[in-house]
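Input: a single structure, listed below in structure tokens.
All values derive from a computational prediction rather than experimental measurement. A, B, ... follow the sequence lines: proteins, then strands. Residue 1 opens every chain.
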Amino acid sequence: MRIYNTLTGKKEEFVPVEPGKVKMYACGVTVYDNCHIGHARSAVVFDVMRRYFKYKGYDFRYVRNFTDIDDKIINRAKQDGIAWNEVAEKYIDAYYRDMDTLGIGRADVEPKATEHIREIIDIVKGLVDKGHAYEAEGSVYFEVQKFSEYGKLSKRDLDDMLAGARVDVDERKKNPMDFALWKASKQGEPAWESPWGLGRPGWHIECSAMSLKHLGETFDIHGGGADLIFPHHENEIAQSEAYTGKPFVKYWVHNGFITVDKEKMSKSLGNFFTIQEILNKFDAEVIRFFLLSTHYRSPIEFSDEQLREAEASIDRYYTTVLRTRDFLSQDQSKDKTNPEEKNLEDLLTKFTEKFSAAMDDDFNTALAIGNIFELIRVVNKYLDGKPSGKKSSEMIAKTNDLIMETGSVLNIFNRTPEEWYRALMKVKNIGLSEEDIQMQINERKSAREAKDWAKADAVRKELEDKGIILEDKKDGTGWKVRV
RNA sequence: GGCGGCGUACCCAAGUGGCUAAGGGGGAGGUCUGCAAAACCUUUAUGCAGCGGUUCAAAUCCGCUCGCCGCCUCCA
């Protein structure tokens with residue numbers, strides 16, 4: 001496997017710290033508001049990495065945190081007139097609601113900052129003892145000048161940063177780039193006892209503390225959005241390595257942003273779409289597919305048009321499943337083949353290999369999806385040749401199995417066509433029940449038998465106006481939701 | 001200003017030294033069909049922002065130019 005490592009700026013062969021085991025930490029969210037599609041991207045990307053490592057047979061341990069104490073949470077609490085921990089709880093619930101819907105699995109450990117105050121204090125104390133940090137008016141700062149490798153992740157130089165720095169001038173700091181490990185709390189703010197008085201942890205220290213506790217001093221993969229490279233991950237490296245004296249993380253992986261009109265989607269610009277808003281218009285599988293159809297490090301331009309294309313692609317898949325299922329239910333007593341058989345057979349033989357090759361190359365989900373659609377095209381072509389017999393049913397069944405298997409790594413393509421159409425009916429507000437549709441189909445069937453084409457076409461038109469497309473097949477009429 | 005990234009067809013998007021430049025969406029024509037739909041076939045990039053260079057060979061490596069974006073402040 002090759003993974004792009006932000007630290008070295010190259011794709012590298014993945015060699016775990018311990019053979020057969022992978023330990024990954026991904027920065028979760030600060031729980032002060034609803035998640036937007038950008039948060040979903042990060043969550044989906046790391047979820048797929050986890051699924052793929054497990055698919056490859058690794059013993060995988062995944063930690064994803066919640067930042068549940070921070071300025072934004074405190075501000076939100078003031079604004080809403082509730083306690084800070086109620087804010088955190090509320091948005092943790094919202095996070096789970098969204099991520100569960102999107103098919104993002106839970107991490108093995110989901111630690112919260114406030115549950116690791118003891119560990120945080122221990123590290124801060126250790127850093128002070130080692131001379132890497134200093135106390136000033138009840139706060140503790142990390143002294144960046146004392147960590148010679150500061151800037152190695154974000155590839156910047158301390159002097160350059162200071163030159164045009166847009167950093168708050170703070171008289172208590174020895175150097176403007178020094179950052180808070182521990183913050184003295186103001187009156188009325190949440191606070192914990194510490195050797196430096198009442199206070200709360202700085203932002204970066206929690207991830208060092210929680211990863212150290214749950215994954216150890218050195219672990220394999222640490223990830224998050226590309227905007228966390230500096231200062232968050234840079235600071236984590238400084239704290240952790242200064243504290244343990246050991247390398248912190250082997251591979252740093254960062255996902256790209258979602259953009260709107262080419263600009264980064266962000267809270268401050270106000271150009272964001274929440275997961276809930278998008279779920280009102282599109283099914284969760286569509287969102288997932290959309291996010292995985294571009295490589296995780298590239299930017300993705302968000303638009304309804306893009307989501308509609310993703311929806312059409314998924315629909316193509318389920319339409320094919322329906323077709324293979326119809327085929328498998330047919331009489332297979334006669335052996336009949338066609339020239340496409342060889343192509344399909346070859347592709348089936350090397351399909352998982354191609355899938356793995358794509359995923360092994362820095363999790364190229366876009367290519368993997370392309371491979372799946374190649375198989376879909378070949379199987380459709382094969383079915384057009386009207387094959388029959390034991391061998392063809394086996395090949396068709398294998399096709400379905402392989403797509404399900406690889407789809408499960410991406411967590412897409414894992415429903416029945418009926419479930420997909422039901423989901424579409426819901427999201428597109430089709431004002432008809434499945435029974436209504438079946439009744440119309442029956443009515444049209446009588447008309448067709450009587451060769452009353454005008455009547456038959458009228459029924460079809462009526463359904464089409466409501467978003468239901470009919471498909472006449474050899475042994476009956478099927479329906480689907482127009483995408 | 002410093003650092004980093006991107007620019008592939010009408011749109012989205014893989015490909016990063018050598019087989020006809022994946023795949024999806026859209027358009028046009030066709031096969032099938034009572035007519036449709038779906039599916040399939042043909043077609044839509046002799047060319048990968050532009051210009052030079054390295055090489056037997058480049059979308060892929062190097063240089064320059066243009067354009068877009070990100071980080072440098074909280075941010076997935």
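You won't find any donor-acceptor pair under 3.5 Å spanning the side chain of A:Glu374 and the base of B:G23, going by distance alone.
Note that A:Arg106 lies in the cation-pi zone of A:Tyr96, set by a 6.0 Å cut-off to the ring centre and a 45° limit from the axis. Annotation: cation-pi geometry not satisfied between A:Arg64 and A:Phe46 (NZ/CZ under 6.0 angstrom from ring centroid, within 45° of ring axis).
A:Glu301 places a side-chain N or O within 3.5 Å of a backbone atom of A:Asp261 that can act as its donor or acceptor partner. A:Glu234 places a side-chain N or O within donor-acceptor distance of the main-chain N or O of A:Gly151, the cut-off being under 3.5 Å. The backbone N or O of A:Met24 sits nowhere less than 3.5 Å from a side-chain atom of A:Asp220 that would complete a donor-acceptor pair.
OP1 or OP2 of B:A39 lies within a sub-4.0 Å distance of a side-chain N or O belonging to A:Arg316. In this model, the phosphate group of B:C41 is approached by a side-chain N or O of A:Lys381 to a distance below 4.0 Å at OP1 or OP2. OP1 or OP2 of B:G23 has at least one side-chain nitrogen or oxygen of A:Arg377 nearer than 4.0 Å. The phosphate of B:C71 (OP1 or OP2) has a side-chain N or O of A:Lys264 nearer than 4.0 angstrom. Close to B:A76, at under 4.0 Å from its OP1 or OP2, lies no side-chain N or O of A:Asn255.
Taking atom P in both B:C41 and B:G47, the straight-line distance is 26 Å, to the nearest Å. Taking the C1' atoms as reference points, B:C19 lies 26 Å from B:C62, given to the whole Å. Separating the P atom of B:C71 from that of B:A58 is a span of 37 Å, rounded to the nearest Å. Comparing the same atom, P, in B:U43 and in B:U20 gives a spacing of 16 Å after rounding to whole Å. Comparing the P positions of B:G50 and B:G7 gives a spacing of 13 Å, expressed to the nearest Å. Taking the C1' atom of each, B:G18 and B:C61 are spaced 14 Å apart, rounded to whole Å. Between B:C64 and B:G5, the two P atoms lie 14 Å apart (nearest whole Å). Comparing the same atom, C1', in B:A45 and in B:C35 gives a spacing of 37 Å after rounding to whole Å.
Candidate nucleotides B:G24, B:C3, B:C71 were compared by shortest atom distance to the side chain of A:Asp227, and B:C71 ranks first. Relative to the side chain of A:Glu471, the nucleotides B:A37, B:C71, B:G24 differ in distance, and B:A37 lies closest. Taking every side-chain heavy atom of A:Leu228 into account, B:A76 is the closest of B:C40, B:C68, B:A76. Distances were taken from every side-chain heavy atom of A:Pro231 (C-beta onward) to each of B:C12, B:C40, B:U73; the shortest belongs to B:U73.
Considering only heavy atoms from C-beta on, A:Leu102 stays 4.5 Å or farther from A:Asp47 through its side chain.
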Could you list all N or O pairs between the protein and nucleotides 28-34 of chain B that sit under 3.5 Å apart?
from	atom 1	to	atom 2	distance (Å)
B:G34	N7	A:Arg448	NH2	3.4
B:G34	O6	A:Arg444	NH2	3.4
B:G34	O6	A:Arg448	NE	3.3
B:G34	N1	A:Asp457	OD1	3.0
B:G34	N2	A:Asp457	OD1	3.4
B:G34	N2	A:Asp457	OD2	2.8

Tabulated below should be each protein N or O lying under 3.5 Å from an N or O of nucleotides 14-17 of chain B; please produce it.
from	atom 1	to	atom 2	distance (Å)
B:A14	OP1	A:His295	N	2.7
B:A14	O3'	A:Asn364	ND2	2.8
B:G15	OP1	A:Asn364	ND2	2.7

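B:C71 atom P lies 16 Å from atom NE2 of A:His232, rounded to whole Å. As a whole-Å value, the separation of A:Asn338 CG from B:A39 P is 18 Å. When the P atom of B:A76 is taken as reference, atom CE of A:Met99 falls 10 Å away, rounded to whole Å. For the pair A:Ile300 CD1 and B:C6 C1', the interatomic distance rounds to 14 Å; values are reported in whole Å. In this structure, A:Leu344 places its CG atom 13 Å from P of B:C40, rounding to the nearest Å. Across the protein-nucleic acid pair, A:Lys10 atom NZ and B:G4 atom P stand 13 Å apart, rounded to whole Å. Distance, A:Ile314 CD1 to B:G25 P: 11 Å, rounded to whole Å. Between the OH atom of A:Tyr421 and the P atom of B:A38 there is a distance of 11 Å, rounded to whole Å.
A:Ile3 contributes atom CD1, which lies 10.5 Å from atom CG of A:Asp361 (distance to the nearest 0.5 angstrom). To the nearest 0.5 angstrom, A:Trp252 atom CH2 is 12.0 Å from A:Ile221 atom CD1.
The residue among A:Pro299 and A:Gly370 whose nearest nucleotide of RNA chain B is located toward the 5' end is A:Pro299. Nearer to the 5' terminus of RNA chain B, by closest-nucleotide assignment, is the contact made by A:Glu305 (compared with the other of A:Ile258 and A:Glu305).
If you check every strand for non-hydrogen atoms under 4.0 Å, A:Gly38 touches a base. At the heavy-atom level, A:Gly28 lies under 4.0 Å from the strands shown only through sugar-phosphate atoms.
More than 12 heavy atoms of other residues, nucleotides or ligands sit less than 6.0 Å from atom NZ of A:Lys267. Counting heavy atoms of neighbouring residues, nucleotides and ligands inside a 6.0 Å radius, atom NZ of A:Lys152 exceeds 12 of them.
Residues A:Thr324 and A:Asn400 have side chains that bring a donor and an acceptor to within less than 3.5 angstrom of each other.
Helical stems of RNA chain B (runs of at least 3 Watson-Crick or G-U pairs, donor-acceptor distances under 3.5 Å) are listed by first residue: B:1-7 with B:66-72, B:10-12 with B:23-25, B:26-31 with B:39-44, B:49-53 with B:61-65.
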Open item on the list: I'd like to know whether A:Leu291 forms a side-chain contact (heavy atoms from CB on, under 4.5 Å) with A:Tyr296, so could you lay out the CA-CA distance, the side-chain angles of the two residues, the decisive distance to 0.1 Å, and finally the verdict.
Closed with: CA-CA 8 Å; A:Leu291 294 172; A:Tyr296 76 90; over 6 Å; no

TODO: Give the C-alpha distance, both sets of side-chain angles, the deciding distance and a yes or no for side-chain contact (heavy atoms from CB on, under 4.5 Å) between A:Trp84 and A:Thr114.
DONE: CA-CA 12 Å; A:Trp84 66 272; A:Thr114 56; 3.8 Å; yes

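The aromatic rings of A:Tyr25 and A:Phe219 sit tilted relative to each other, their planes meeting at an angle between 30° and 60°.
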